[in-house]
Amino acid sequence: MGSLFRSEEMTLCQLFLQSEAAYACVSELGELGLVQFRDLNRDVNAFQRKFVNEVRRCDEMERKLRYLEKEIKKDGIPMLDTGENPEAPQPREMIDLEATFEKLENELREVNQNAEALKRNFLELTELKHILRKTQVFFDECRYALRLQQEGGLNSTESMTRALISDDSIVRQTNAGPVQLGVDMEGARKLMMRFVAGVILRERIPAFERMLWRACRGNVFLRQAEIETPLEDPSTGDQVYKSVFIIFFQGDQLKTRVKKICEGFRATLYPCPEAPADRREMAMGVMTRIEDLNTVLGQTQDHRHRVLVAAAKNIKNWFVKVRKIKAIYHTLNLFNLDVTQKCLIAECWVPVLDIETIQLALRRGTERSGSSVPPILNRMDAFVDPPTYNKTNKFTNAFQNLIDAYGVASYREINPTPYTIITFPFLFAIMFGDMGHGAIMAIFAAWMVLQEKPLAAKKSDNEIWNIFFGGRYIILLMGLFSIYTGFIYNDIFSKSFNIFSSHWLTNYNKSTIHENKFLQLNPSTADYWGTPYPLGIDPVWQMADNKIVFLNGYKMKISIIIGVLHMLFGVSLSLKNYKYFKNQLSIYCEFIPQLIFLCFLFLYMVLLMFLKWILYYPTDANVTSSPYCAPSILITFINMVLFKPSTTFPKCDVNIYGGQQFIQKALTVIAFLCIPWMLLAKPILVMRNEKKEHQLLSNNHVGGENGDIEGGLPPAQHPQENKSDEHAASEMFIHQGIHTIEYVLGSVSHTASYLRLWALSLAHAQLSEVLWNMVLKNGLMSESWVGGIILWAVFAFWAVLTVGILVMMEGLSAFLHTLRLHWVEFQSKFYSGLGETFQPFSFEIILDQAAQSTEE
Amino acid sequence: MGASIIPCIIMTILWAIVGIFLPILVPKGPNRGIIQVALILTGVTCWLFWLCAYMAQMNPLIGPKLKNTTILMMAKQWVSYFLLSTRNIYIYVSIEFVLEVNKI
């Protein structure tokens, strides 16, 4: 049988590699990605392995590359990603690579250091420039005030004070009063008025001011002005806002105090000459230095940019190379060294079908390394279960993931994926049946499928999008099946098509219609054509007041019918498993009673449903087969299981068909007999077999004992063996008991569980009907041109709710219920899912993982 | 029994083509088995789903309960279908009736 029905056949192989050729061979195997190596040095510490040095060197190279990448990203240079996949370089090329990275890193670090120093310098000069400019204003104000004082005498001192001092606290600054303060710089000098000027972060100003005021008891005078343009902090590269301040004070004590406070607040102080001429000169000097610095800075940046652009061209390529080398050495660390030190020995899991390809790859590797001795690949006997390897393609992959999320199949166990491909969308569609919603879903998925390559190349890191994109084929099938089931339900956005003409007629006269608000059509008269609507549900039901009554009966029945068939399908798959593993005992002691139990009880109920559809019809002539006498299937079934006689209305026949009561009793008795069969048969048979073998064994022993030396040994072992036998037997009974109870109770609860198909489908239909009636209907009510505008708005609202709630949320809930039906109700019948996944050594996977982890 | 032959045959043949005939035609390749299983299951499930819907309506035990306005609308809008299906003598009656309704 083809792939995917069971996992690939695996074999354990031993691989002898020539030391020189090992690297090239492993590199080839990594490109192939079909071999899973086993760790042969489990007890060896990671730091004591053979190639730990090489791995460390690779780590170092990776670190340098990451540093480069960070710098490239900082400068916003696009990194060239050609998507090419260079082969792992030879080990000797590693040194070249290392040298290249070393050189690049050093160059970059140097440039960065220089740039930072230059920037710091630049910042200082800029700040000084601002100080000179701003303090000029303070001093100018001062002079202006002085002139006023000379012209207007004493009165003007107050205005001058106000000009100089914004704080009235200054009034108390000196005992000499405000007059002295206002004196020009000459006067200030006489009074030993000193000042310091500096720059501080703007947000620190209030605290700084308060601190100064408290520490100097109000004996200092602070003026500040904001620098409008933000300045760049050279160490972090952030843009910060700063302010210029100037502090006036008297005396040396205050000076030290002020300086300390400035230091504490990380304010930078700059020398500021008192004389205006000096200041002007200084400003000129600063301007020219700034200009010089600017040109130097520009050149440094240019150089850095050139280096980075050159690196950006290759960086992806380098990353791939380094990661491949690292992966190879990691793998080589798993190998055993031969005694002669000339050979590396590896053990690996290999798919049997691919041994040829692997051998070819090994030969290529040997040729590339120039070694003369070919590698040897030996098949070995395995004592552990091989890993499970399902070869999937882009279509089946998503379905396989759904199954693996529950549990990876045991080795060579039957894989539910091929069946899930159809049953999953089908069960989903039963719950989601609506042509409109199905079409939205299918169109969205079809777009993803058609744009597959460009979309896959984009590699979005949006998790929700990735989930949708990964499941695009599932969504497409779910959409298509929903369209079909919607067609059968005759439901599109809660409306119906009348394609084949309704098979119900209205034959009332005018007065009847006028007199009765509601009229129920009678199927036994000419209201009904006699044959049903050919494809799906008759559109008349969509408008009927008793629509739910009709649909409930119909949908509940199909849920049970499909559920029972689905479970039967699962049970019959278990037969294939037993046959494959040659487990005859389980066929007779598990599969057959399970099948009988399910068929005689639940499949019988399904048959009754079909009988009811056929045998009871609208008629006035024959009472026993009229709707009046139609029995409830559920009640009939419950009575059957409880051995109660069926009850019915007067004039009706108790039996649906002749001999029903007897057949039902027989079926129930046989079904119940299956329970002890399932429970006891297998453990008893196993025990009997063991006893037989035991007897055979001891008979042989007796034969051997006659002339053997070790005759005394066996009796000593006997009591222990007996104990473990009993233990195994009781364990087996418990296991079988659990299994049986699970199956019997499960049959009931799982059958009931399939009713979720009915419940969700009903909820979906109702929700979409409510949405139509509450929202879109309002938009269709008004007739004039205003109605068009209203409809436009209402439609937008309706469309958003339809997509958001009915397609997305309802779709998600239906998806989850379908998942449950497959995982629990279907797979519990045959699937054990105890396997381990095959994890081949593959560069593709390793590179993907690395790319993902860096994106995060 | 109120099944009409034609839709039954058409639908059964349609899904039989999908479920029986197409799987034979699937070209050889590594995925042949998967495609066959998918087609067979599609045929079976879709046919079953149609069959259930058909059989559930074959012998209706209840009739739809309709509002009188709906009945009037039905009589007015669905008349063309009655004309197309010359199956029933009531057609003429209903046409007369519809004409009457139109006059109202």
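Only heavy atoms go into these numbers, but all of them, side chains included; no hydrogens, no water, no symmetry mates. Everything numeric in this text was worked out from a predicted model, so none of it was measured. So you know, we letter chains A, B, ... as the sequences are listed, proteins then strands, and number each from 1.
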Engineer: Quick one: which of B:Thr45, B:Val37, B:Ile40 has the most heavy-atom pairs under 4.5 Å with chain A, could you say?
Structural biologist: B:Thr45

Engineer: I'd like to verify something: which residue of A:Asp538, A:Leu565, A:Asn522, A:Thr485 has the highest number of heavy-atom pairs under 4.5 Å with chain B?
Structural biologist: A:Thr485

Engineer: Do you know which of A:Ile421, A:Leu535, A:Thr423, A:Thr396 has the most heavy-atom pairs under 4.5 Å to chain B?
Structural biologist: A:Leu535

Engineer: Most heavy-atom pairs under 4.5 angstrom with chain A, which of B:Met11, B:Met73, B:Arg32?
Structural biologist: B:Met11

Engineer: Nearest 0.5 Å, please: how far is CD1 in B:Ile10 from CH2 in B:Trp15?
Structural biologist: 14.0 Å

Engineer: Which one of A:Lys555, A:Gln520, A:Lys557 has the most heavy-atom pairs closer than 4.5 Å to chain B?
Structural biologist: A:Gln520

Engineer: Applying side chain to side chain donor-acceptor pair (under 3.5 Å), run through A:Ser7 and A:Asn390 and close with a yes or a no.
Structural biologist: CA-CA 5 Å; A:Ser7 60; A:Asn390 287 310; 4.9 Å; no

Engineer: For A:Ile561, is it the side chain, the backbone, both, or neither that has a heavy atom closer than 4.5 Å to a heavy atom of chain B?
Structural biologist: side chain

Engineer: Mark yes when over 12 heavy atoms from residues, nucleotides or ligands other than B:Ile6 sit less than 6.0 Å from its CD1; otherwise mark no.
Structural biologist: no

Engineer: Under 4.5 Å from any heavy atom of chain A, what part of B:Leu51 do you find: side chain, backbone, both or neither?
Structural biologist: side chain

Engineer: Where on A:Leu521 is there a heavy atom nearer than 4.5 Å to chain B: the side chain, the backbone, both, or neither?
Structural biologist: both

Engineer: Which region of A:Lys612, side chain (C-beta onward) or backbone (N, CA, C, O), has a non-hydrogen atom less than 4.5 Å from a non-hydrogen atom of chain B, or is it both or neither?
Structural biologist: side chain

Engineer: Nearest 0.5 Å, please: how far is CG in B:Asn68 from NZ in A:Lys510?
Structural biologist: 14.0 Å

Engineer: Go through it in stages, so that I can follow the logic: the residues are A:His822 and A:Phe424, the test is ring-ring contact (aromatic ring centres under 6.0 Å, His included), and I'd like the CA-CA distance, side-chain angles, deciding distance and then a yes or no.
Structural biologist: CA-CA 7 Å; A:His822 276 84; A:Phe424 192 93; 5.2 Å; yes

Engineer: Between A:Pro425, A:Pro627, A:Pro532, A:Ala544, which has the largest tally of heavy atom pairs under 4.5 Å with chain B?
Structural biologist: A:Pro532

Engineer: At their closest point, which heavy atom of A:Leu608 faces which heavy atom of A:Ile633, and how far apart are they?
Structural biologist: O-CD1, 3.6 Å

Engineer: Among A:Asp545, A:Ile488, A:Leu615, A:Leu519, who wins on heavy-atom pairs under 4.5 Å with chain B?
Structural biologist: A:Leu519

Engineer: Is B:Leu48 in contact with chain A via its backbone, its side chain, both, or neither, using a 4.5 Å heavy-atom distance?
Structural biologist: side chain

Engineer: Between A:Trp613, A:Tyr533, A:Phe518, which residue shows the highest count of heavy-atom pairs closer than 4.5 Å to chain B?
Structural biologist: A:Trp613

Engineer: Would you say CD1 of B:Ile5 has more than 12 non-hydrogen atoms from neighbouring residues, nucleotides or ligands within 6.0 angstrom?
Structural biologist: no

Engineer: Of the backbone (N, CA, C, O) and the side chain (C-beta and beyond), which part of B:Thr70 lies under 4.5 Å from a heavy atom of chain A, both, or neither?
Structural biologist: side chain

Engineer: Which label fits A:Phe395 and A:Phe399: parallel for a plane angle under 30°, tilted from 30 to 60°, or perpendicular past 60°?
Structural biologist: tilted

Engineer: Aromatic rings B:Phe49 and A:Tyr489: how do their planes relate, parallel, tilted or perpendicular, breaks at 30° and 60°?
Structural biologist: perpendicular

Engineer: Keeping A:Asn490 on the side-chain end and A:Ile537 on the backbone end, is there a donor-acceptor pair under 3.5 Å?
Structural biologist: yes

Engineer: Which atoms of A:Tyr616 are under 4.5 Å from chain B, going by heavy atoms: the side chain, the backbone, both sets, or neither?
Structural biologist: both

Engineer: Using a 4.5 angstrom heavy-atom cutoff, name the option from B:Ala56, B:Pro64, B:Gly63 with the most pairs to chain A.
Structural biologist: B:Pro64

Engineer: Which bit of A:Phe481 is near chain B, if near means a heavy-atom gap under 4.5 Å: side chain, backbone, both or neither?
Structural biologist: side chain

Engineer: Which of parallel (below 30°), tilted (30 to 60°) and perpendicular (above 60°) describes A:Tyr754 and A:His566?
Structural biologist: perpendicular

Engineer: Please classify the contact of B:Met55 with chain A as side chain, backbone, both or neither, using a heavy-atom distance under 4.5 Å.
Structural biologist: both

